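Shown next, in structure tokens, is the structure this report addresses.
Just so we're clear, the structure is a prediction, and the values are computed from it rather than from any experiment.
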Amino acid sequence: MDLNTIKYDIKYVVDGKKYVCNSGGNQHFSLDAVVEDDILKVALNAKAKVRFLKFDIKIPYKYNANDRIFVNGYQSWTDSMEYKPSGQMKELTRLTEFLVTKTLLRRIGLPKAGDILFWDYPRKSGIFYGWSYGYVRRGEDVEIFGSLTERYGYTVVTFDCNNNEVVISKELQGVEYMGENKLLELAHISGKYEEAFDRYFDKMGVKPRETKKRCGYTSWYNYYNRISQDVINRDLESIAAQDTKFDCFQIDDGYQENIGDWLTTDKNKFPDGMKVVADSIHSKGMLAGLWLAPFAGVKRSRLFKEHPDWFIKDKHGRSYNTGHNWGGFYSLDIYNEGARAYIKHVFDVVLNEWGYDLVKLDFLYGACVLPMHNKTRGEIMCDAMDLLRECCGDKLILGCGVPLMPAFGKVDYCRIGSDVELSWQHKKNKIRDDVSTPHTICNTIFRRHLNGRAWMNDPDVFMLRDYNMYMTFEQRKLVAKINSTFGSLLFISDDVSSYGEEQKAALKETFAQKDIKIISAEFVQDDIMQAVFEEDGKLVTLKFNVRNGQYV
């Protein structure tokens, strides 16, 4: 990066008046920009109280027609994939955007899992944006443009092929700046795919906490929240009777009385309590896992009724709905001392009294849905992940529904795609973060560079059962193959006592520890994915249609 070629596009407010700045400073502030060891650093010295409406740095970049451009979605569930320079981001339709931003759907929180309410979706071909980092790939070589930290505010990387630019934007909404502040640390790294990502993570100083590939079970995709102690014990016994080894058994949503009241177990479903269940799992030689949405609470919960002041408020002082799940939920303000103490107490009981070894922490994006306390969304999410790691100590965390970079090195495993559906079909009018098998397949493949660097990737579950499923057996096995090739947390969600011999063989094959080396994975035609990899020294080519799950 050459400082002499970059341009600024800045809009800001001082004393209620709007200004435009296209340079490194003016009467209200100055910017100190330096490039050191392929890292662009930008610091702000504000001479007046400044609020930024737009903060873009434009870097000249010449694209080639055969390039492939990867953009990273806002959080775990958001679609993330490579595009051709002539292509267009089309996963968010105009109809969906209108419905979730202009109708009642906004009030009930449907769009709040993603970025649609605070970042513009491009409607032109040749423009692609993502969060924290992205790359341009030419064959085996990539050029990464990536933030080294989001503590100063989220970084948005936009590849503008029409104007031959890479635009680096800072998401600084709702914060007033005065004096000296760091704004950006951006790495520009070129090299072969694997080597370039190794260097990028070295520059961040991020290493994975866990490097072990694990296999296990979760209750969600068969029963959803309709679980009970009897159901859990039945599936536990069935799994323990298999000759295929399971490392972990995770209980998902449905054990608690209400979202937010994590320590109040539903006695009708789990009359003996959750410690007894953990002990049963341990007796079968498996790690015990439990699902939580640690920042979430619904209005009917005791937590919300007794402590509404602990939850995030909008600018009018009203409780701010942060999602549509469970009829609408709210998120704790992590800077509220009462809320922090409650979160710490929950983890102390779950991990130390009940004895769970792994917690799946979900809907984490809720911590940063609004800038508050004069902090950016990015800084809030980084602080939230610090808090969770402090609470969990050395216990295992599976992150989910989380903006990715703030979780780098903080969680042991992390979901890198949307929830898988029980069917394999592309649904057009959905938000980008919604349940989708095609989306999660693409994310599993294109976010593979995070595996073993930021954490161990969780591609979500695969299912081999015949009942309560709307995929062919070949499609189910394809999901399993992709997960085992590109992922590191392989969970099923089946009652394995229903398995026939073909399903048992597929399970054993998927859970088998293999030496995998990815050679390439890309779209070779519209919707046609081709992955080439070595598996225990044998060259394998996997070619299929992402939209319908059919082999090509």
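Side chains of S80 and R447: a donor on one and an acceptor on the other come within 3.5 Å. T158 and D160 share no side-chain donor-acceptor pair at under 3.5 Å. A side-chain N or O of S423 and one of Q425 form a donor-acceptor pair less than 3.5 Å apart. In summary, the side chains of D56 and Y8 do not present any donor paired with an acceptor at a separation below 3.5 Å, with no hydrogens or angles considered.
Listed here is the closest heavy atom pair of V546 and C442: CG1-SG, 3.6 Å. For the pair A196 and V142, the tightest heavy-atom approach, listed with the atom from each and the gap, is CB-CG2, 3.6 Å.
Contact annotation: the side chain of F249 approaches that of L236 to within less than 4.5 Å [non-hydrogen atoms, C-beta and beyond]. Between S497 and D235 the shortest side-chain heavy-atom distance does not fall below 4.5 Å. Side-chain contact between N222 and N468: present, with at least one pair of heavy atoms (C-beta onward) separated by less than 4.5 Å.
For the pairing with F70, the ring pair (Phe, Tyr, Trp, His ring centres under 6.0 Å) check across F197, Y193, Y135 returns one residue only, Y135.
Pairs passing the salt bridge (Lys or Arg N to Asp or Glu O under 4.0 Å) check and including a residue from residues 479-494, sequence neighbours excluded, read R465-D494, K481-E535. The salt bridge (Lys or Arg N to Asp or Glu O under 4.0 Å) contacts involving residues 111-136 comprise E97-R123, where partners must be two or more places apart or lie in separate chains. For residues 542-551, the pairs satisfying side-chain hydrogen bond (donor to acceptor under 3.5 Å, both in side chains) are H426-R547, D527-R547, with sequence neighbours left out.
Separation of the F128 and F159 ring centroids does not fall under the 6.0 Å cut-off. If you look at Y133 and H449, their ring centroids are closer than 6.0 Å. Close placement of the F363 and W77 rings is indicated, their centers lying within 6.0 Å of each other. In summary, the aromatic rings of F118 and Y74 are positioned with their centroids under 6.0 Å apart.
Legend: residues meeting salt bridge (charged side-chain N to carboxylate O under 4.0 Å, His left out) with K207, ordered by chain and number and at least two apart, are absent. Residues passing the ring pair (Phe, Tyr, Trp, His ring centres under 6.0 Å) test with H324, sequence neighbours excluded: none. In terms of the side-chain contact (heavy atoms from CB on, under 4.5 Å) criterion, residue partners of D536 (sequence neighbours excluded) are, by chain and number, K514, D515. Listed by chain and number, the residues in a side-chain contact (heavy atoms from CB on, under 4.5 Å) with P122 are M89, I127, Y129 (sequence neighbours excluded). By the salt bridge (charged side-chain N to carboxylate O under 4.0 Å, His left out) test, K203 is found to be paired with D37, residues two or more places apart in sequence or in another chain being considered. With sequence neighbours left out, the salt bridge (charged side-chain N to carboxylate O under 4.0 Å, His left out) criterion links D357 to no other residue. E534 pairs by the side-chain contact (heavy atoms from CB on, under 4.5 Å) definition with K517, I519, L539, not counting sequence neighbours. By the salt bridge (charged side-chain N to carboxylate O under 4.0 Å, His left out) test, E82 pairs with R137, sequence neighbours left out.
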Result block: side-chain N/O donor-acceptor pairs under 3.5 angstrom for residues 412-421, not counting sequence neighbours:
unit_1	atom_1	unit_2	atom_2	d
D412	OD1	R209	NE	3.2
D412	OD2	R389	NH1	3.2
D412	OD2	I397	N	2.7
Y413	OH	K212	O	2.7
Y413	OH	R214	NH1	2.8
R415	NE	G417	O	3.3
R415	NH1	D419	OD1	3.4
R415	NH1	D460	OD1	3.3
R415	NH2	G417	O	3.2
R415	NH2	S418	O	3.2
R415	NH2	D419	OD1	2.5
S418	OG	S436	O	3.0
D419	OD1	Y221	OH	3.4
D419	OD2	Y221	OH	3.3
E421	OE2	K427	NZ	3.0

